[in-house]
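Just below is one structure, and these are the notes that go with it.
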Number of protein chains: 2
Amino acid sequence: MSLGVITVAGMTLGAINYARRVARWQPDARGRLQHAALTLYGERGFDNTTVAEIAEHAGLTKRTFFRYFADKREVLFWGSEALEELFVTEVARTPESAAPLDAVAAALDAAATMFEERRELAVRRQQIVAANPGLQERELVKLASLAAAVAEALRRRGIGDPAAILTAEAGIAVFRVAFERWVDPTNPQPLQRLIRESLQELRAVTAA
Amino acid sequence: MSLGVITVAGMTLGAINYARRVARWQPDARGRLQHAALTLYGERGFDNTTVAEIAEHAGLTKRTFFRYFADKREVLFWGSEALEELFVTEVARTPESAAPLDAVAAALDAAATMFEERRELAVRRQQIVAANPGLQERELVKLASLAAAVAEALRRRGIGDPAAILTAEAGIAVFRVAFERWVDPTNPQPLQRLIRESLQELRAVTAA
DNA sequence: TACCGTGATGACACCAAGTGACATAAGGCG
DNA sequence: CGCCTTATGTCACTTGGTGTCATCACGGTA
């Protein structure tokens, strides 16, 4: 039921900026914090890890942690805006003639390949999130935000308001269902295939 | 985007138990806490209200608050199991011959009348929740839980697994969209009508 | 009547998340 | 050289949340 990998942790985008500078501090503080958090959450669990410990592992202080991440959970979800962007651009890219749900389907396809490239990390994070209700809570927020962004992208295509939200929301539901099956180790199918199956299932179920 | 009234605050179920006893303490501690919380959250906002203050207003202590509610947010959502039950029984009640989405539609109809009877409270709570991201977060959890319960009810009707989840999730999305329009004061239409419209919209959008 | 168990509450200490205010140090730049 | 900027550290503080023990009135029982 939990997604767990909506973000692109470990991309350490910040490092690019630092690269050309002389290292006044150890570079990529954000990435180090993410890495430490992922490790510690995985080892002892989310609840049994304090922010102070994460910061210490990264050679920083608690205060600095909270300068990079709004709270203890956010460190696992940083980067989810990138996924949102992917969805939005992909929806915008599909030809005007395509039906709204088909535009969303195209975005889902694109997202699938993105996740497929990082399966390792995705599964690892999923396990952490699945083990903690608080993290699942945060994940729902991210998915809701994603759905809202997709709805907005559909509106820019001229789709009316109830339709835009419903299409986006249904699309995200399809993604969730497919993702859940994808991370199940007993079910080694490509995400793209699972998404297409789920989408078909949705169409069948809503057919009058 | 936020529901805000998934629960039935103020029902003070506990009072029934106390009624026949001699009042050793003021009766209905839970109800008093809920009332105080709703008032204070409404007056000064969720963040500017401490649990100690709520408890004090109810003539109790912080410690007792946390005996009744798992956390500061939960006080606004206590009773959501009742809604879950309504959905589940309603889905189970519809004739076997009905399509899965129609069973969910029946449940939505039942929920609509339930909310219609408490519009006042519903809107008040919605405003509080809408004003605070943390509360919206919790609401998403409740909706996810609701969707999971509906999916389970559908499975008990013999619906397969991807279909059950997708139907439930789509149904809840319909409910959310309709509810959002219902609490909008510029749009004074009965909830049931809005739900039916949204459902039709969903069908149109997913039609191949 | 004296005693005991029980259940809701209070008192208190404690931990950890999160914030605000200020200090520090090193680099860039005029 | 000195100033400004920027990332970090220090410290104190609030508050959500929990563990533990005390209290106290009732109801039952001997």
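Predicted, not measured: the structure shown is a model, and the values here were computed from it. The sequence lines fix the lettering, A, B, ..., with proteins before strands; numbering per chain opens at 1.
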Problem set entry | Pairs touching residues 154-164 of chain A that satisfy salt bridge (charged side-chain N to carboxylate O under 4.0 Å, His left out), sequence neighbours left out |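 Every salt bridge (charged side-chain N to carboxylate O under 4.0 Å, His left out) pair that includes a residue of residues 154-164 of chain A, provided the two are not neighbours, is A/E152-A/R155, A/E152-A/R156, A/R155-A/D161.
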For this session: Assign a letter to each nucleotide of nucleotides 18-24 of chain D from its 5' end: B, base within under 4.0 Å of a protein heavy atom; S, sugar-phosphate only; -, no contact.
Result: BBB----
Exercise. Would you say A/T61 reaches D/dT10's phosphate, i.e. side-chain N/O to OP1/OP2 under 4.0 Å?
Worked result: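 No, outside the criterion.
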Exercise. If only side-chain N and O atoms of B/Y68 are considered, is one of them under 4.0 Å from the OP1 or OP2 phosphate oxygen of C/dA8?
Worked result: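 No, B/Y68 has no side-chain N/O under 4.0 Å of OP1/OP2 on C/dA8.
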For this session: Kindly point out which of D/dG17, D/dG9, D/dT15 is positioned nearest to the side chain of B/K72?
Result: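 The nucleotide sitting nearest to the side chain is D/dG17.
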Exercise. Going by heavy atoms in the side chains, are B/N132 and B/E137 under 4.5 Å from each other?
Worked result: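 No, side chains not in contact.
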In whole Å, I'd like the distance from the [atom1] atom of [X] to the [atom2] atom of [N].
{"X": "A/R30", "N": "D/dT6", "atom1": "CZ", "atom2": "P", "value": "16 Å"}
{"X": "B/E56", "N": "D/dT15", "atom1": "CD", "atom2": "C1'", "value": "15 Å"}
{"X": "B/F65", "N": "C/dA11", "atom1": "CZ", "atom2": "P", "value": "18 Å"}
{"X": "B/N48", "N": "D/dT14", "atom1": "CG", "atom2": "P", "value": "15 Å"}
{"X": "A/F46", "N": "C/dA17", "atom1": "CZ", "atom2": "P", "value": "8 Å"}
{"X": "B/D71", "N": "C/dG18", "atom1": "CG", "atom2": "P", "value": "13 Å"}
{"X": "A/D47", "N": "D/dG17", "atom1": "CG", "atom2": "P", "value": "12 Å"}
{"X": "B/L40", "N": "D/dT15", "atom1": "CG", "atom2": "C1'", "value": "16 Å"}

Exercise. Which part of the nucleic acid, if any, lies within contact of B/G134, taking any heavy atom under 4.0 Å across all strands shown: a base, the sugar-phosphate backbone alone, or nothing?
Worked result: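 It contacts nothing in the nucleic acid.
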Problem set entry | A/T113 versus A/Q192, side-chain donor and acceptor atoms under 3.5 Å |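 No.
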For this session: Determine, for A/F69 and A/R30, whether the Lys NZ or Arg CZ falls below 6.0 Å from the six-membered ring centre while staying within 45 degrees of the axis.
Result: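 Ring-cation test returns yes.
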Exercise. How are the rings of A/F175 and A/F115 set relative to one another: parallel (under 30°), tilted (30 to 60°) or perpendicular (over 60°)?
Worked result: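 Rings of A/F175 and A/F115: tilted, 30 to 60°.
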Exercise. Which residues pass the salt bridge (Lys or Arg N to Asp or Glu O under 4.0 Å) test with B/D109, sequence neighbours left out?
Worked result: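 B/D109 satisfies salt bridge (Lys or Arg N to Asp or Glu O under 4.0 Å) with B/R196 only.
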For this session: Please lay out, stage by stage, how A/E53 and A/K62 fare under the test salt bridge (charged side-chain N to carboxylate O under 4.0 Å, His left out).
Result: CA-CA 8 Å; A/E53 285 167 347; A/K62 191 181 93 171; over 6 Å; no
